[in-house]
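Computed from a predicted model, the values in this text were never measured in an experiment. FYI, side chains are in, hydrogens and waters are out, and symmetry mates aren't considered; it's all heavy atoms of this structure. Quick note on labels: first sequence line is chain A, next is B, and so on, each numbered from 1.
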Amino acid sequence: MQYAAPTTVDEARSMLADNPGSRVFAGATDVVPQMRSGRPEPSVLVDLKRIDRLMSVAHADGHWTIGAATPTSELTHNGEFAAMFPGISEGAGLIGSDQIQNRSSLGGNLCNGSPAADSVPAMIASEARAVIAGADGERTIPVGDVVTGPGQLSLSDGEFVVEFEIDDAPANTGDAYVRTTPRTEMDIAIVGAAVRVTMDGDTCTDARVVLGAVAPTAVRVPDAEAALVGSSLDDDTLAAVAAAASAAANPINDKRGTVEYRTQVAGVLAKRAAVLAADRAKGMEANS
Amino acid sequence: MSRTHITCTVNGEATDFLANPATSLLDALRDELGLTGAKEGCGTGDCGACSVLMDGKVTCACLVFAPEAEGRDLLTVEGLSSGDGAEGDHLHPLQQTFLEGAALQCGVCTPGFLVAAKALLDNNPDPTETEIRYALAGNLCRCTGYDKIIRSVQEAAVQLRSAT
Amino acid sequence: MTATENPKTYKWVGTRPIRHDGYDKVVGKARFAADLNLPGQLHAAYLRSPHAHANIVSIDTSAAEAMPGVKAIVTGDDFPALDITDPNHDVSINVLARGTVLYHGHAIAAVAATTKAEAQAACAAIEVEYELLPVVLGIDEAMAEGAPLANEQNYQKFVGPTDPSNIATHTPLERGDADAAMAEADIVIEREFDCAHVHQGYIEPHACVVDTGADGKANVWASSQGHFMVRAISAAVLGWETSRIKVTPAEIGGGFGGKTTVYLEPVAARLSEKAGRPVKLVMSREEVLRSSGPAPGAKLRIKIGATKDGELTAIDGWMAYQVGAYGDFAGMVGAMSVASYKFPNLKLESWGVLSNTPKTAAYRAPSAPHAAFAIESVIDDIASELEMDPIDLRLKNAAVEGDLTAMGMPHPRIGLVECLEALKASDHYQSEPAEGAARGLAVGFWFNIGEQSSATVNLNEDGTATVITGSPDIGGSRASMALMAAEELGIDVYSITPVVADTEAVGFTDVTEGSRATFATGKAVVEACRELKVELCRRAAQIMGVDEDQVAWVDGAAVSPGHGGGEGGEPLTLAAITAQAKRTGGPLTATASLNAAGAGPSFAVHCADVKVDDETGQTEIVRYTAVQDAGTAIHPSYVEGQMQGGSVQGIGWALNEEYIFSSDGVLMNPGFLDYRIPVASDLPMIETIIVEVPNPSHPYGVRGVGETGIVPPMATIGNAIKAATGVRMTSLPMSPPKVLKALDEAD
Amino acid sequence: MTQHRPFAGGDAVVEANGATVGQLIDDLDRRFPGLGDALRAGSSAGIDGEIHAEPEFVRIQPDTVVYFVAPLTGG
């Protein structure tokens, strides 16, 4: 196995094109455990962290641009970002310990392809876009279209995520991500739920509800969103959100949780995330 | 297998070594540089026994490929006592409070805890108990139940604050 | 805090000096086995079984031998076949399989090569043909009529010649008439419990470096709880005399019972012999979880009868422990560990049952935690049914000196009542639980053991001392040895250098297990010091020019009424005597060896306040107190550390730790991500109350403290969950999915 | 131990003679053939409140009660 650390996107693109069986990585927090558990070594490990574009966070022209290899600790320590997207920030901040946070990245978390990836549901809720580089140049697709199943991506060989774009949240908008894990830290979500709402006073005018770890990919829950819009998040609405989330869950039994548990808790977390997001949305109003 | 030449700073000194690309920074530190303070408890980033600072950020050396260290500034537990302008081999306040507070039993996780706690206190000189617990959640200890470790970090924070 | 003051006052015992090995451990200089590298050293790796039960039809190593860097390969055929009656038979076929693999991850072959990667690649090139055998995974399945055998070489122990069996042991214990008492009881509660396998979870994987020279002698550096044990088992597995093996104890990164046996050393020794070079063999975390010894899983049925005023009149219990692929004593101890209450009528049977899972190993008070989880849960239900305070119910029935354990032997002086009273008086118990939290408590017992220890104490010419023992220090025992020696000799604890010496530099010493090091090895240190004091007085008599019987050792110095003119005589310090050692008869040194009888049982009572999220089933520990009888706390900080560490291991066992096997016997969670030991943010501070009811069989009253702390937590937390939710959890771990399911079923 | 009772016809308590535990076992074995081997193969003894591992040569008095118990280890 060889190691390469290109310093531009183009350099990385041609390396990947020239070396079949090569693989990009950022923090290696998934790559190393996978190699240790017997996955074949790539021919070339392409380290993306020396490419400035993949290691930067910028806010301009009404949207954020986040380098795909940027350590999540950079994002969670970015006060302006965390204030606008507390849900994405807390999702990113749940990917492992401080040691992991200094290595893990939004790009890695997404492209590992795990349905339990903590940063993904809130990114989907904010309709984040992934900018993808490949042999033919660059293309931009919704984050929700990158992962097609556990460990499966829509990216072709030689393609990699360069950066994420997230439009500024509208006024009076808040998001939240909550998950359950057996431990408080160092764990993989049994269930995760992200909710983003826009509020007009006590009334919800826009909502996105996304679940993690309860289906082959993160999934949006249109029925829960429909229940929220127009409501004041009263108990009946929250019960409907929970029911819709549980209905949308299509989980598996594994070492981390049961079908029964995941289905039930998906509803609980969707409800809790909605309440938290709405409180934040109202707080945004108060602060503005 | 061709080995890569890597140049970096380790515990304040310019250092170079050879390593296979697939070698972890942890193995390079331990086997090439003889710095065996960082331990391998899991090899997958789940225990923190291999914690080192890379450009001031705490990280698991087992998750870093050795060539990634090129040009980086590394601190291991072996560099903890001599840094920060302290004379001779005076212990870092964390090392002293760990000793006085009986914060170690078998001692195999201790280097990782000391390095992670230093990273915490460098950034947050007055952490709450909860902040300490979360900052050290990536370091597993099976002997102490964490109680005396948390107390020793609290005490070191007090000492470091009063020293500045 | 310390609840009961030890009546004796000591100068050193009971103080908290910095441990002597601490400096090396905080600066990264302490040498654990994996930290050692020898010139010319090779790295070894294992080929392990991909099947949980199979005959090995053939092993072809020819392709592997031709791989780059490969220097030696061994299989089971490179070791003598021990007779089935040999006490080391099972460990010998566990180290490397012979003919049959008995669990997924069972070692089949090992390769030594220039690098670890080359060794691993060569292992992958070894071709093995298997003939699959039925896999036995569960207790019920293994005990069923006509069940396939998990291990065709297992015979039930203690019952004479039998057919091969899935039963390792069957231990019935009885007194009184439990059936009759149960029929007369005012209240009878019976419940069934189950416990998953758990692992000790020491942070340091097993590791060794072995250099077998052309002279046929092996130098072994190993991480273990007992290097004499490593020597003995390695010699047996290799078919060597013990004198061919020298084992130097490396620092040990946690054991908790899991390092009381051998996995690597004889294999590394044979590889080194074949290759003619030193061999390093280190397990990965995955190998540790798959192939070292976890604690047994268990199923238990416990029925307890009581009068309406809370007298426990009878216990009827059935306990089955899943001991893994080999016969093991673990199943015996469950019934034997019933010792906390008077129980005039008792009928218990415990079973050790085989399965195609890793050979289990000891884990802190082995087998007692399972039994305590069940019994203390049922007792708690009796207390709440009778509307009695759970401490008062336990105090009413608590065993005291002279009461019988389940084994039939009367207790010596014990401190259970004192522990219960200390908890009752504590700030924790006297305070209301926090808003939304509820409280539970439970009792734990462990026998503790004595066994063999040796100690040598050398007095140096300047009056300092070296204390040499053979007990690996797994949690501060060097400091304890130095404290006892300082107390005896009357010199500063920092003037003493405690050393853990290799197998050729100190007398035989059994494993650091059973909470025995400070008790038994400490006793040997005290005996050696006392012998030295007699000799010091003899030397002082020469210097003073008086008769030996005129000299006494007082406060760290020799005094004689006729010497020097002072009122009680001018004292001659230890340093003054050692300075003249050459003139008075030569070096001052003493050795004591013993097989220590009279280990003092240790009781503990734990109390937890928990909050349960009734929508997710998550349990949060908001306050936790551990009370334990230490006899005498030699170094209270490390006694507290044992109590806190045991508590938190128990909290992990209670809430989240478990071995999850697939239906074909493959461990699904072989890493620290999914084998979830508690992290710092899961926990509050662990408050400790040390009770001191001295053990009359130790010169300072020491009881072991290492193990009892893991016995109460599972029931403590289960009882707190019951108090919080009204639901009795009967299955470990009490993980969020199980708690939520139980809550839903109770609605 | 209860599992040894079959040797002694079901009795839990028996009287025997000897100046050491070993002699006591020999006496028991004469009366209950096989019990000696069973006790030596897997027993410790509780004597005067102390548990002795491998108690063969421990001296006992005429009125001493010896409790044969399973050998204990620990973690």
For [X] and [Y], work out which heavy atoms get closest and say how close.
| X | Y | value |
| --- | --- | --- |
| D:Gly75 | C:Pro366 | N-CD, 3.6 Å |
| D:Leu72 | C:Glu451 | O-OE2, 4.3 Å |
| D:Gly74 | C:Glu513 | O-OE1, 3.3 Å |

Open item on the list: How about CD on D:Gln23, more than 12 heavy atoms from neighbouring residues, nucleotides or ligands closer than 6.0 Å, or not?
Closed with: yes
Of all of [options], which one pairs up most often with chain D through heavy atoms under 4.5 Å apart?
| options | value |
| --- | --- |
| C:Trp446, C:Phe329, C:Tyr363 | C:Trp446 |
| C:Thr405, C:Asn448, C:Ile449 | C:Ile449 |
| C:Ala295, C:Gly257, C:Gly598 | C:Gly598 |

If I measure from the heavy atoms of chain D, does [X] come under 4.5 Å with its side chain, its backbone, both, or neither?
| X | answer |
| --- | --- |
| C:Phe447 | side chain |
| C:Thr512 | backbone |
| C:Glu349 | neither |

Task: With C:Asp316 via salt bridge (Lys or Arg N to Asp or Glu O under 4.0 Å) - residues at least two apart - done: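 In terms of salt bridge (Lys or Arg N to Asp or Glu O under 4.0 Å), with neighbours along the sequence ignored, C:Asp316 is linked to C:Lys347.
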Task: Student check: side-chain heavy atoms of C:Met409 and D:Ile51 closer than 4.5 Å - done: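 C:Met409 vs D:Ile51: side chains touch.
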Task: Residues of residues 57-67 of chain D near chain C, each having a heavy atom less than 4.5 Å away - done: D:Tyr67
